[in-house]
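One structure is given below, encoded as C-alpha cells.
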Amino acid sequence: HELMQLAEPPTAILTFKTYVTLDAIQCLRLHYPDRLNTIAFVGFGTLPLLRHVDYRPLASIEADPLVIGAE
C-alpha cells in the first residue's frame, strides 16, 4: 500500500517468491484496479499454477534451492 501512495508509484515490482507476487497482484486487484496493468511483476520461483491466473507476472526466475545452495 505504501508504494501505491508514492507520488511516482513503481512501474515494476520484484518479489522473492511467487506466492508474494500473487499476493501483490491480489492487493492491486482489490485496492488499485486502475493500476494493475501499469505495473510489471517479476518473481523468483515458477509454480505451475501461474498458467491458471488471468494476470501473470512478466517473468518468473527459476530458483531451485538445491542448485543455488550448491553453487
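Every heavy atom of this structure was used, including side-chain atoms; hydrogens, water molecules and symmetry mates were not. Computed from a predicted structure; not experimentally measured.
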Legend entry - Within one Ile-Leu-Val-Met-Phe-Trp-Tyr cluster: L14 and F16, side-chain cutoff 4.5 Å: no

Inset, instruction - Return the minimal non-hydrogen interatomic distance between L3 and P10, and the atom names on each side. - result: O-CD, 3.6 Å

Legend entry - Contacts of H31 that satisfy side-chain hydrogen bond (donor to acceptor under 3.5 Å, both in side chains) - sequence neighbours left out: none

Legend entry - Minimum side-chain heavy-atom gap L28-F41 below 4.5 Å: yes

Legend entry - Validation row: T38, T11 side chains within 4.5 angstrom (heavy atoms): no

Inset, instruction - Enter the distance from I39:CD1 to M4:CE here, rounded to the nearest 0.5 Å. - result: 3.5 Å

Inset, instruction - Look at the side-chain heavy atoms of Ile, Leu, Val, Met, Phe, Trp and Tyr, link any pair under 4.5 Å apart, and say whether I13 and V20 land in one connected group. - result: no

Inset, instruction - Could you tell me which non-hydrogen atom of H1 sits nearest to which non-hydrogen atom of Q5, and how far apart they are? - result: O-CG, 3.2 Å

